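Have a look at the structure below before the remarks.
Every heavy atom of this structure was used, including side-chain atoms; hydrogens, water molecules and symmetry mates were not. Reminder, nothing fancy here: chain letters follow the sequence lines and each chain counts from 1. Values in this document were obtained by computation on a predicted structure and should not be read as measured data.
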2 protein chains.
Amino acid sequence: MKIRELAEKTALSIHTIRFYEKEGLLDHRHVLREENNYRCYSDEATERLLLIKKLQRVGCSLSELKDILQEHDTHALTDLEIVEWILQKIKDTKHKKEELDQILGMLHWMLDYRVASMKDDQKELVMTKIQEAT
Amino acid sequence: MKIRELAEKTALSIHTIRFYEKEGLLDHRHVLREENNYRCYSDEATERLLLIKKLQRVGCSLSELKDILQEHDTHALTDLEIVEWILQKIKDTKHKKEELDQILGMLHWMLDYRVASMKDDQKELVMTKIQEAT
DNA sequence: GTAAACGATAGAGTGAACTCTAACGCAAGC
DNA sequence: GCTTGCGTTAGAGTTCACTCTATCGTTTAC
């Protein structure tokens, strides 16, 4: 598959995909060159880019991803090391969720506070909005 | 309180605090100048900086925070507008939590996959680690 | 066969959020 | 009174993750 198709499949820009390759996030298993020098991507490339997108959202930087994916690819890490990395990520993710819960609590508190100081007719309007939102 | 103390209380750097002020995230209610031109911070400053830190983690940019906080301060926003902003943030936050759940699912799947391919003695070691981590 | 669309490259530019530096003035401890 | 440390400023530099530009070659549709 050519770069445009991959870009559509992963919702990344063409620029970004080339940039990731340059940064070492993709290798020969993901990209090859055709005779005309065009890049040719495997299905694995799609998988990897989607994985990168996901892990980015748990706070992995590109350079961390590069390291862990490369080490994983070259089997430079033992199973134990990989398991430990995963466990750490699970811990981080749970922590992030807790933070979000805290923030949700705060937002709800802010909402109650605002609503309490409103006149009855506005209060009703807002209540329907809150119903809609939840 | 002087800048160093505020930096310690908020776990922000002195540079960052001055940077936030320059960006319009703090005003006269938070900072005043002493005769020697040193900044003098109120307790409200601590509150605001901690609030900024929290909201940043739900994906608010500094410029968005500047806008919403300034409008809030100057009562340029109606109660309804503020409620709508809060509702939007609640929605965003819930969405972020769902994403994290997805990622947690993926990480657990990765973990199971790894553990399945391990030898029994290593498996046991990993199992205790997993117990510890959860 | 030619124009439009697609692909390639090197390298510059962007925006967000810091982070640091140099050069200076005040302050507190000895 | 001198050193050390804290505070000030303007402005430069950094990092991250893109994003875009210019210039070129290739492919495809008409």
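Put simply, CZ on B:F19 is 13 Å from C1' on C:dC20, counting in whole angstrom units. Rounded to a whole Å, the CZ atom of B:R4 is 14 Å from the P atom of C:dA28. For the pair B:R39 CZ and D:dT9 C1', the interatomic distance rounds to 9 Å; values are reported in whole Å. C:dA16 atom P lies 16 Å from atom CD1 of B:I52, rounded to whole Å. If you measure from atom CZ of B:R18 to atom C1' of C:dC20, you get 11 Å, rounded to the nearest angstrom. If you measure from atom NE2 of B:H15 to atom C1' of C:dA17, you get 14 Å, rounded to the nearest angstrom. For the pair A:K22 NZ and D:dA17 P, the interatomic distance rounds to 14 Å; values are reported in whole Å. Per the geometry, CD1 belonging to A:I14 stands 15 Å off C1' belonging to D:dC18, to the nearest Å.
At the heavy-atom level, A:S61 lies under 4.0 Å from the strands shown only through sugar-phosphate atoms. At the heavy-atom level, B:Q56 lies under 4.0 Å from the strands shown only through sugar-phosphate atoms.
Between A:K94 and A:E98 there is no salt bridge, since none of the side-chain N atoms of the basic residue sits less than 4.0 Å from a carboxylate O of the acidic one. Salt-bridge formation is detected for the pair A:K129/B:E84: a Lys NZ or Arg NE/NH1/NH2 atom is positioned less than 4.0 Å from an Asp or Glu carboxylate oxygen.
Using a 30° and 60° split on the angle between ring planes, B:H72 and B:H75 fall in the tilted class, from 30° to 60°.
Side-chain proximity of B:K2 to D:dT8, D:dG7, C:dG7: nearest is D:dG7. Checked against D:dT26, C:dA17, C:dG25, the side chain of B:Y38 finds its nearest nucleotide in C:dG25. Closest contact between the side chain of A:I3 and the listed nucleotides D:dG7, C:dG7, D:dC18 involves C:dG7.
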Test side-chain contact (heavy atoms from CB on, under 4.5 Å) applied to B:R39 and B:R18, step by step: CA-CA 10 Å; B:R39 286 174 181 83; B:R18 284 198 281 244; 3.3 Å; yes
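Between B:C60 and A:Y41, it is A:Y41 whose nearest contact on DNA chain C lies nearer the 5' terminus. Nearest-nucleotide positions on DNA chain C for B:Y20 and A:R33 put A:R33 closer to the 5' end. Residue whose closest nucleotide on DNA chain D sits further toward the 5' end, between A:E35 and A:S63: A:S63.
Phosphate contact (OP1/OP2 of D:dT8, side-chain N/O of B:N36, threshold under 4.0 Å): absent.
Here the NZ-CD1 distance, from B:K89 to A:I103, works out to 10.5 Å after rounding to the nearest 0.5 Å.
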